[in-house]
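Have a look at the structure below, then the notes.
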Amino acid sequence: MPELPEVETVRRTLLEGGLVGRRIRRVSVLHPDAVRHPSPASFASDLEGQAITDIGRRGKYLLLELEDGLLVAHLRMTGRLWLSEPDAEALSHTHVVLDLDDGRQLRFRDVRRFGGFHLVSRLDDPAAPRGLRELGPEPQDLTRRELAEACLRHPRLAVKGLLLDQRVVAGLGNIYVDEALHRARVHPLRSCGSLGRKELSAIARALREVLAQALANRGTTFLDFRDGAGEPGAFQEFLRVYRREGLPCRSCGAPIAKSRVAGRGTHFCPECQKGDGSPSSTAPSPTTTRSRPARISSSSKGAR
DNA sequence: ACATATTCCTGGGGGC
DNA sequence: TGCCCCCAGGAATATG
């Protein structure tokens with residue numbers, strides 16, 4: 001599932017593949033759901049004839065800059081965007097194909113059809129996805145202070161839920177939140193209000209480190225992720241907790257646990273990430289809140 | 001206003 | 001072998 005390192009890898013491989021400077025000759029919308037704005041017909045006619053002038057990224061959004069406008073792509077869970085030879089096999093679930101002026105094609109495929117395109121005039125176009133306009137800072141730019149302020153706004157939220165909120169910090173998903181919290185030795189259920197300065201610093205640092213390592217390995221591929229050249233990533237080999245339930249922690253050997261936090265499957269080491277609410281060794285703020293378990297799944301009503 | 005649940009979607013895996 | 005059900009989850013939307 002493409003998160004920041006995967007989307008950035010797609011961006012870089014599309015750049016390396018020479019997408020910038022190419023002109024779009026023809027647009028085929030094979031499944032209208034993939035085009036979120038404007039209508040598929042306008043999408044095609046507005047795109048045709050335009051050159052791609054640059055490729056950017058914000059959070060998990062890929063930004064194809066055009067001579068006149070901006071093509072915003074989001075891959076969500078299973079989306080793929082890659083440069084293809086025109087005679088390459090037509091994979092099922094291919095929803096959009098852009099024919100380029102060098103004979104190649106930019107293809108978009110998405111089995112689950114969660115992903116798609118917005119064609120807008122610019123980043124702050126009201127027609128751009130709201131999520132893009134409300135995006136928080138990139139993880140590389142996230143300071144401890146910003147994290148602390150977000151914690152102040154959501155003191156009772158589990159820290160995992162905070163990090164998944166794209167308005168707080170952009171580009172994180174389930175894999176890298178679990179990985180970063182393990183590196184920071186913070187339990188995913190810890191309430192934001194209970195986190196001390198050192199823990200917030202550790203989280204911000206762990207985010208930078210794990211994302212840099214994932215990017216160096218061209219992202220994580222379990223099944224679906226492929227880069228802009230159709231190649232899988234390799235970071236799955238280096239994951240410490242994600243999808244490692246029952247396997248030994250790479251730090252201490254204890255079996256990795258799995259539970260559900262903020263509605264997501266959540267992996268952590270019960271030894272390295274102690275305390276689902278209580279201040280552990282490092283918390284410098286001595287008193288304040290007594291350990292509060294910050295239970296997330298308190299379905300008080302008849303849910304289910 | 002806030003936090004959580006539901007919804008979208010399909011392939012894969014477990015159970016039988 | 002095949003069917004059924006559940007699960008994966010980003011982010012918009014609904015609900016409490």
Side-chain angles (χ1 to χ4, degrees), chain A residues 1-8 10 30-37 57-62 72-81 91-96 108-118 126-136 139 149-179 188-194 219-226 236 239 241-246 258-267 277 292-304:
Chain A
M1 44 226 90
E3 303 179 29
L4 190 155
E6 288 75 31
V7 179
E8 178 64 18
V10 171
L30 279 25
H31 199 303
D33 283 2
V35 176
R36 304 286 158 76
H37 182 87
R57 179 192 59 77
R58 265 292 274 142
K60 301 173 196 171
Y61 292 89
L62 194 67
V72 180
H74 200 305
L75 305 177
R76 296 287 184 108
M77 304 290 298
T78 54
R80 294 186 192 177
L81 192 66
L91 292 172
S92 58
H93 308 286
T94 298
H95 304 316
V96 177
F108 174 70
R109 173 188 199 232
D110 188 355
V111 169
R112 270 175 237 183
R113 285 199 271 126
F114 284 5
F117 294 97
H118 286 74
R130 186 195 299 183
L132 174 61
R133 288 177 283 132
E134 296 183 352
L135 230 38
E149 285 167 359
C151 285
L152 230 47
R153 294 195 299 270
H154 308 276
R156 299 172 11 158
L157 184 63
V159 62
K160 172 157 184 175
L162 187 85
L163 296 176
L164 286 171
D165 187 338
Q166 304 297 300
R167 297 168 297 186
V168 171
V169 53
L172 302 177
N174 208 32
I175 296 176
Y176 297 113
V177 168
D178 281 6
E179 291 294 313
L189 267 180
R190 283 285 299 282
S191 62
C192 294
S194 76
T220 300
T221 297
F222 285 113
L223 282 173
D224 295 291
F225 172 66
R226 296 293 186 279
Q236 62 279 5
L239 296 174
V241 289
Y242 187 78
R243 296 238 311 206
R244 298 194 71 244
E245 182 185 10
K258 182 177 180 185
S259 67
R260 185 157 287 265
V261 178
R264 309 290 162 73
T266 297
H267 313 74
R292 159 175 276 168
R295 292 227 50 97
I296 267 302
S297 52
S298 58
S299 53
S300 48
K301 299 300 171 277
R304 197 104 202 100

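So you know, we letter chains A, B, ... as the sequences are listed, proteins then strands, and number each from 1.
Checking dA8(C), dG10(C), dA12(C) against the side-chain heavy atoms of Tyr61(A) singles out dA12(C) as nearest. Here the side chain of His74(A) is nearest to one of dG10(C), dA8(C), dT4(B), namely dG10(C). In this structure, of dT10(B), dG10(C), dA12(C), it is dG10(C) that holds the atom nearest to the side chain of Leu164(A). Residue Arg113(A) places its side chain closer to dC9(B) than to any other of dG11(B), dC9(B), dG9(C). Across dG11(B), dA8(C), dG9(C), the shortest atom-to-atom separation from the side chain of Arg260(A) is found for dA8(C). Checking dA11(C), dG11(B), dG9(C) against every side-chain atom of Arg76(A), the shortest atom distance belongs to dA11(C). Closest to the side chain of Arg130(A), out of dG11(B), dT13(C), dG10(C), is dT13(C).
Evaluation of atom-type donor-acceptor distances gives no pair under 3.5 Å for the side chain of Arg156(A) against the base of dA3(B).
In this structure, the CG atom of Leu223(A) is 18 Å from the P atom of dC7(C), given to the nearest Å. In this structure, Glu3(A) places its CD atom 10 Å from C1' of dG10(C), rounding to the nearest Å. Rounded to a whole Å, the CZ atom of Arg264(A) is 15 Å from the P atom of dC7(C). Atom C1' of nucleotide dG10(C) and atom CG of Leu135(A) are separated by 12 Å, given to the nearest angstrom. Leu91(A) places its CG atom 16 Å from the C1' atom of dT10(B), with the value rounded to the nearest Å. Distance Met1(A) CE to dC8(B) P: 21 Å, rounded to the nearest Å. When rounded to the nearest whole Å, the span between NZ of Lys160(A) and C1' of dT4(B) equals 15 Å. For Asn174(A) and dA11(C), the CG to C1' distance is 13 Å, given to the nearest whole Å.
Applying the 4.0 Å criterion to OP1 and OP2 of dG9(C), one finds that Tyr242(A) has a side-chain N or O inside that range. Of the side-chain N and O atoms in Gln166(A), none sit less than 4.0 angstrom from OP1 or OP2 of dG10(C).
Where Thr266(A) and Pro129(A) each meet DNA chain C at their nearest nucleotide, the meeting point lying more 5' is that of Thr266(A). Mapping His93(A) and Arg153(A) onto DNA chain B by nearest heavy atom places Arg153(A) at the nucleotide closer to the 5' end. Taking for each of Val111(A) and His154(A) the nucleotide of DNA chain B with the nearest heavy atom, the 5'-most of the two is the partner of His154(A).
Minimum interatomic distance between Glu179(A) and Tyr242(A) (heavy atoms only, all atoms of both residues): OE2-N, 2.8 Å.
His93(A) NE2 to Asp110(A) CG: the interatomic distance, rounded to the nearest 0.5 Å, is 9.5 Å.
The aromatic ring of Phe114(A) sits over the base of dG9(C), with ring centres less than 5.5 Å apart and planes inclined by under 30°.
Under the 3.5 Å distance criterion, the side-chain polar atoms of Thr78(A) are left unmatched by any main-chain donor or acceptor of Asp224(A).
Val111(A) has its side chain out of reach of Arg80(A): every pair of non-hydrogen atoms, C-beta onward, lies at least 4.5 Å apart. Side-chain contact between Ser92(A) and Arg109(A) is present, with at least one heavy-atom pair separated by less than 4.5 Å.
Counting any heavy atom pair closer than 4.0 Å across all strands shown, Gly115(A) reaches no nucleic acid atom.
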Check your understanding: Given the rule in the side chain to side chain contact (heavy atoms under 4.5 Å, CB included) test, do Val35(A) and His95(A) qualify, once you have shown the distances and angles that lead to the verdict?
Key -> CA-CA 9 Å; Val35(A) 176; His95(A) 304 316; over 6 Å; no
